[in-house]
Amino acid sequence: MSHEWTQRAIDRYFVIMGRGGDFADCYTTDVTWITSDTGERIHGPNAVRDYIVALHANMVDMQTRRFLVGDGSVYLEGDCADTFTRTSNRISYCVAYDMKDDLISAMRCYGPIARFPS
């Protein structure tokens with residue numbers, strides 16, 4: 001998958017997500033989400049979508065710091081307010097996206113966001 005196709009596919013995903021649409025349509029039927037800190041695995045488009053919606057509902061002041069797009073891969077580095085410890089600290093994370101054709105086939109999240117209930 002070329003860089004251009006990857007960019008179009010991930011842009012579509014974030015536009016649909018930002019509008020509150022059903023972004024499960026952007027996933028392959030066997031999509032997975034893995035939270036690296038806990039090893040938690042979520043499988044399937046609807047389950048992954050629901051997990052991400054619940055996770056985002058508990059993340060405050062999310063900011064994207066870096067967004068890298070390659071041929072069939074995307075990496076997003078970001079942070080959010082640490083409401084868990086109620087300090088002024090921020091929680092950093094990275095999400096790696098694997099693309100297949102024009103859909104997301106896997107996501108891996110690195111960082112301590114597992115402490116947010118989902």
Side-chain angles (χ1 to χ4, degrees):
M1 182 172 194
S2 73
H3 175 271
E4 292 78 20
W5 277 103
T6 303
Q7 184 71 58
R8 280 189 216 123
I10 202 71
D11 287 348
R12 177 179 172 264
Y13 174 68
F14 286 118
V15 164
I16 293 170
M17 182 186 288
R19 290 182 180 161
D22 186 3
F23 54 90
D25 292 340
C26 298
Y27 300 141
T28 61
T29 58
D30 60 348
V31 65
T32 58
W33 167 278
I34 298 172
T35 304
S36 66
D37 281 18
T38 63
E40 181 176 21
R41 295 175 181 263
I42 311 295
H43 300 275
N46 293 333
V48 169
R49 178 207 51 225
D50 294 348
Y51 179 86
I52 291 172
V53 167
L55 182 65
H56 283 180
N58 290 300
M59 296 173 73
V60 177
D61 190 29
M62 288 185 291
Q63 297 178 10
T64 298
R65 297 294 177 193
R66 185 179 301 199
F67 191 75
L68 303 169
V69 177
D71 293 350
S73 298
V74 178
Y75 300 91
L76 181 149
E77 294 177 3
D79 61 46
C80 63
D82 184 353
T83 58
F84 185 76
T85 61
R86 298 182 188 265
T87 65
S88 61
N89 296 332
R90 297 191 63 80
I91 296 175
S92 296
Y93 57 88
C94 176
V95 180
Y97 301 82
D98 296 337
M99 309 296 288
K100 182 177 180 183
D101 299 322
D102 61 346
L103 300 173
I104 299 168
S105 61
M107 292 175 278
R108 293 170 309 286
C109 183
Y110 303 92
I113 66 166
R115 67 173 97 163
F116 291 106
S118 56

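Sequence positions, counted from 1, serve as the residue numbers for this chain.
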Trainee: Could you give the distance from CG (Asp50) to CD1 (Ile52), rounded to the nearest 0.5 Å?
Mentor: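 Asp50 CG to Ile52 CD1: 9.5 Å, rounded to 0.5 Å.
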Trainee: Heavy-atom distance under 4.5 Å between the side chains of Met107 and Val31, does that happen here?
Mentor: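 A side-chain contact exists here, since the closest heavy-atom pair is under 4.5 Å.
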Trainee: Can you hop from Met17 to Val15 via hydrophobic side chains spaced under 4.5 Å?
Mentor: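 Cluster IDs for Met17 and Val15 differ.
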Trainee: With a 3.5 Å distance limit and no angle check, can you tell me whether Ser2 reaches the backbone of Trp5 through a side-chain donor-acceptor pair?
Mentor: yes
Trainee: Could you give me the CA-CA distance, side-chain angles and deciding distance for Leu76 and Cys94, then say whether side-chain contact (heavy atoms from CB on, under 4.5 Å) is met?
Mentor: CA-CA 5 Å; Leu76 181 149; Cys94 176; over 6 Å; no
Trainee: Anything under 3.5 Å between a donor and an acceptor, one on a side chain of residues 59-70, the other on a protein residue two or more places apart or in another chain? List them.
Mentor:
from, atom 1, to, atom 2, distance (Å)
Asp61, OD1, Gln63, NE2, 3.4
Asp61, OD2, Gln63, NE2, 3.4
Asp61, OD2, Arg90, NH1, 2.9
Gln63, OE1, Arg65, NH1, 3.3
Gln63, OE1, Arg65, NH2, 2.5
Arg65, NE, Asp79, OD2, 2.7
Arg65, NH2, Asp79, OD2, 3.2

Trainee: By side chain to side chain contact (heavy atoms under 4.5 Å, CB included), which residues pair with Asp30, not counting sequence neighbours?
Mentor: Thr28
Trainee: Check the pair His43 / Val48 against side-chain contact (heavy atoms from CB on, under 4.5 Å), numbers first and verdict last.
Mentor: CA-CA 6 Å; His43 300 275; Val48 169; over 6 Å; no
Trainee: Side chain to side chain donor-acceptor pair (under 3.5 Å) with Asp25: which residues, sequence neighbours excluded?
Mentor: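 Partners of Asp25 under the side chain to side chain donor-acceptor pair (under 3.5 Å) test: none.
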Trainee: Between Ser36 and Gly111, what is the shortest heavy-atom contact and its length?
Mentor: OG-N, 4.1 Å
Trainee: Heavy atoms, side chains only, cut-off 4.5 Å: are Cys80 and Ile91 in contact?
Mentor: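 Yes. Closest side-chain heavy atoms under 4.5 Å.
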Trainee: Roughly how far, to the nearest 0.5 Å, is the CD1 atom of Ile42 from the SG atom of Cys109?
Mentor: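 It is 12.0 Å, given to the nearest 0.5 Å.
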Trainee: With sequence neighbours excluded, what pairs up with Arg12 under the side chain to side chain donor-acceptor pair (under 3.5 Å) test?
Mentor: none
Trainee: Check whether any side-chain heavy atom of Tyr97 sits under 4.5 Å from a side-chain heavy atom of Val95, and report yes or no.
Mentor: yes
Trainee: Please walk me through it: do Leu103 and Tyr13 pass side-chain contact (heavy atoms from CB on, under 4.5 Å)?
Mentor: CA-CA 9 Å; Leu103 300 173; Tyr13 174 68; over 6 Å; no
Trainee: Side chain to side chain contact (heavy atoms under 4.5 Å, CB included) with Ala24: which residues, sequence neighbours excluded?
Mentor: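 Ala24 satisfies side chain to side chain contact (heavy atoms under 4.5 Å, CB included) with Asp22, Tyr27, Pro45, Asn46, Arg49 once adjacent residues are dropped.
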Trainee: With Tyr75, which residues qualify under side chain to side chain donor-acceptor pair (under 3.5 Å), at least two apart?
Mentor: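 Tyr75: no side chain to side chain donor-acceptor pair (under 3.5 Å) contacts found.
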Trainee: Thr35 side chain to Asp37 main-chain N or O, any donor-acceptor pair under 3.5 Å?
Mentor: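 Side chain of Thr35 to backbone of Asp37: no pair is present.
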Trainee: Can you tell me if Asp102 uses its side chain to pair, donor with acceptor, with the backbone of Ala9 under 3.5 Å?
Mentor: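 Side chain of Asp102 to backbone of Ala9, a donor-acceptor pair under 3.5 Å: no, none is there.
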Trainee: List the steps and the verdict of side-chain contact (heavy atoms from CB on, under 4.5 Å) for Trp33 and Ile104.
Mentor: CA-CA 10 Å; Trp33 167 278; Ile104 299 168; over 6 Å; no
Trainee: OH of Tyr51 to NE2 of His56: how many Å apart, nearest 0.5 Å?
Mentor: 10.0 Å
Trainee: Once you round to the nearest 0.5 Å, how far does CD1 of Ile10 lie from CE of Met99?
Mentor: 5.0 Å
